[in-house]
Amino acid sequence: MNWTDWPGTIPEAEAMQERLATQVITTGAVSADTALVAGVDVSYADEDRLAAAVVLLDTGTLELVESAVVTGRASFPYRPGLFAFRELPSIVEALATLSGTPGLIVCDGHGLAHPRRFGLACHLGLITGIPAMGVAKNVFTGEFEEPGPHRGATSPLLDGGEEIGWVLRTQDGVKPVFVSAGHLIGLDNACEWALRLTPRYRLPETTRQADHLSRQVLARG
DNA sequence: GCGACAG
DNA sequence: ATCTTGTCGC
């Protein structure tokens with residue numbers, strides 16, 4: 001990856017998102033036979049210390065196959081809509097150390113469901129060329145109706161009449177998650193994967209395992 | 001101007 | 001994201 005064009009200011013970062021958003025492909029399906037699925041999460045401590053974790057899970061058993069963690073320091077200020085610029089360098093570095101290649105990357109955050117239609121999942125998918133999707137715990141942009149109470153219920157996430165994601169109930173009676181396409185995958189297929197990855201808990205196993213790992217490493221310094 | 005605002 | 005006790009419920 002070439003980081004020489006990496007933005008150093010907020011206007012530059014926003015301009016980059018608007019430019020790259022035109023290259024995103026929000027259609028496609030990741031084969032159910034795909035062997036490996038990746039999960040990505042980043043934890044923070046004081047003074048911008050961070051730990052970016054990437055896990056590779058067996059799609060059949062959802063068990064950990066391989067993982068990598070990169071610790072570093074956030075080089076970009078947090079700003080809603082731009083947090084990908086804080087995390088991407090470390091995430092990409094961690095991904096590069098893995099020996100296996102996932103058929104899908106699941107991000108902790110949004111993809112298309114972003115003010116400029118270019119959330120972390122879009123950016124990571126574009127950088128890696130690997131299908132990527134977003135599963136976020138909270139809405140960022142758009143309006144929605146509460147989906148039905150049971151696992152599998154969905155409702156559209158709309159922004160000015162445009163469908164930018166689906167609100168998905170991953171377990172009976174729990175708060176729904178927000179699924180959106182990142183790159184090289186359609187929304188319907190992304191939701192199928194989200195359900196496949198949540199046999200027991202609200203959040204995908206990919207996100208849970210990456211989260212645990214990043215926290216664990218951060219705690220040890 | 002005021003409030004909202006992924007992680 | 002992170003700071004944080006107890007508490008209700010399976």
Side-chain angles (χ1 to χ4, degrees), chain A residues 7 10 13-14 16-18 20-21 24 26 38-55 69-92 94 105-126 132-144 149-151 157-160 164-168 170-183 187 190 194 199-204 206-221:
Chain A
I10 287 167
E14 291 176 341
M16 174 177 271
Q17 289 184 329
E18 287 171 1
L20 294 179
V24 166
T26 56
V40 173
D41 192 38
V42 180
S43 293
Y44 292 89
D46 48 85
E47 296 307 312
D48 285 337
R49 278 198 322 123
L50 64 76
V54 179
V55 296
V69 184
V70 165
T71 58
R73 213 162 276 281
S75 54
F76 202 89
Y78 171 73
R79 196 156 186 296
L82 298 179
F83 91 76
F85 293 96
R86 282 167 76 78
E87 312 194 337
L88 274 173
S90 299
I91 290 171
V92 171
I105 301 173
V106 180
C107 295
D108 183 30
H110 297 284
L112 209 63
H114 174 280
R116 287 170 291 280
R117 306 292 181 264
F118 198 71
L120 173 65
C122 299
H123 208 149
L124 185 55
L126 214 50
M133 56 177 274
V135 177
K137 297 181 286 296
N138 297 100
V139 66
F140 185 22
T141 296
E143 312 85 44
F144 64 96
H150 296 300
R151 166 174 160 84
L157 177 60
L158 304 171
D159 194 6
I164 57 176
W166 281 353
V167 188
L168 172 68
T170 54
Q171 299 296 331
D172 289 1
V174 302
K175 176 182 174 177
V177 298
F178 301 83
V179 179
S180 59
H183 186 50
L187 182 53
R200 170 96 174 102
Y201 299 102
R202 177 190 176 225
L203 297 180
T206 39
T207 299
R208 298 184 71 249
Q209 296 194 34
D211 179 67
H212 287 158
L213 182 58
S214 64
R215 285 177 197 267
Q216 179 180 309
V217 170
L218 200 56
R220 294 178 189 157

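Order of the sequence lines sets the chain letters (A, B, ...), proteins ahead of strands, with each chain counted from 1. All values below were derived from every heavy atom in this structure, side-chain atoms included, with hydrogens, water molecules and symmetry-related copies excluded. Just so you know, these numbers come straight off a predicted model, no measurement behind them.
One can place CG of A:L120 at 13 Å from P of C:dA1, the figure rounded to the nearest angstrom. Atom CZ of A:R200 and atom C1' of C:dC10 are 9 Å apart (whole Å). Atom CG in A:L157 sits roughly 14 Å away from atom C1' in B:dC5 (whole-Å rounding). For A:R79 and C:dA1, the CZ to C1' distance is 17 Å, given to the nearest whole Å. Between the CG atom of A:D48 and the P atom of B:dG7 there is a distance of 18 Å, given to the nearest Å. Atom CD of A:E14 and atom P of B:dA6 are 15 Å apart (whole Å). The distance between atom CG of A:D41 and atom C1' of C:dT2, rounded to the nearest whole Å, is 13 Å. The distance from atom CZ of A:F118 to atom P of B:dA6 is 18 Å, rounded to the nearest whole Å.
The backbone N or O of A:N138 sits less than 3.5 Å from a side-chain atom of A:H110, completing a donor-acceptor pair. Put simply, the side chain of A:S180 gets close to the backbone of A:G111: a donor and an acceptor are under 3.5 Å apart.
Across all strands shown, A:I91 has no heavy atoms under 4.0 Å from either base or sugar-phosphate atoms. Using a 4.0 Å heavy-atom criterion, one finds that A:G81 contacts the bases of the nucleic acid, with or without backbone contacts as well. Contact annotation for A:Y44: backbone-only contact, meaning every heavy-atom pair under 4.0 Å involves sugar-phosphate atoms and none involves a base.
In this structure, OG1 on A:T207 lies 11.0 Å from NE2 on A:H212, to the nearest 0.5 angstrom. Note that CG of A:L168 and CG of A:L157 are 12.0 Å apart. Values are rounded to the nearest 0.5 Å. Put simply, CG on A:L203 and NZ on A:K175 are 10.0 Å apart, with the number rounded to the nearest 0.5 Å. Taken to the nearest 0.5 Å, the CD1 atom of A:I164 stands 5.0 Å off from the CZ atom of A:R117. Note: A:F76 CZ to A:I10 CD1 = 6.0 Å, rounded to the nearest 0.5 Å.
A ring-centre distance under 6.0 Å is not found for A:Y78 and A:Y44.
When the nucleotides B:dG7, C:dT2, B:dC5 are ranked by their closest atom to the side chain of A:S43, C:dT2 comes out on top.
Taking each heavy atom of A:T206 and A:V55 in turn, the nearest pair found is O-CG2, 3.6 Å. Between A:E14 and A:L82 the shortest heavy-atom distance is CG-CD2, 3.9 Å.
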So what does the secondary structure string of DNA chain C come out as, 5' to 3', with Watson-Crick or wobble pairs under 3.5 angstrom, [ ] for crossing and | for pairs with another strand? ..........

Which nucleotides of DNA chain B pair, in dot-bracket form (Watson-Crick or G-U under 3.5 Å, | meaning another strand): .......

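Listed pair A:K137 / B:dA6 fails the phosphate criterion, with no side-chain N or O lying under 4.0 Å from OP1 or OP2. A:Y78 has no side-chain polar atom (N or O) that falls below the 4.0 Å cut-off from OP1 or OP2 of C:dT2. Residue A:N138 places none of its side-chain N or O atoms closer than 4.0 Å to OP1 or OP2 of B:dC5.
Heavy-atom distances under 4.0 Å link DNA chain B to no residue of residues 208-215 of chain A.
Under 4.0 Å is where a charged nitrogen must lie from a carboxylate oxygen, and between A:D48 and A:R86 at least one such pair does. In this structure, A:K137 pairs ionically with A:D108, as a charged nitrogen and a carboxylate oxygen lie closer than 4.0 Å.
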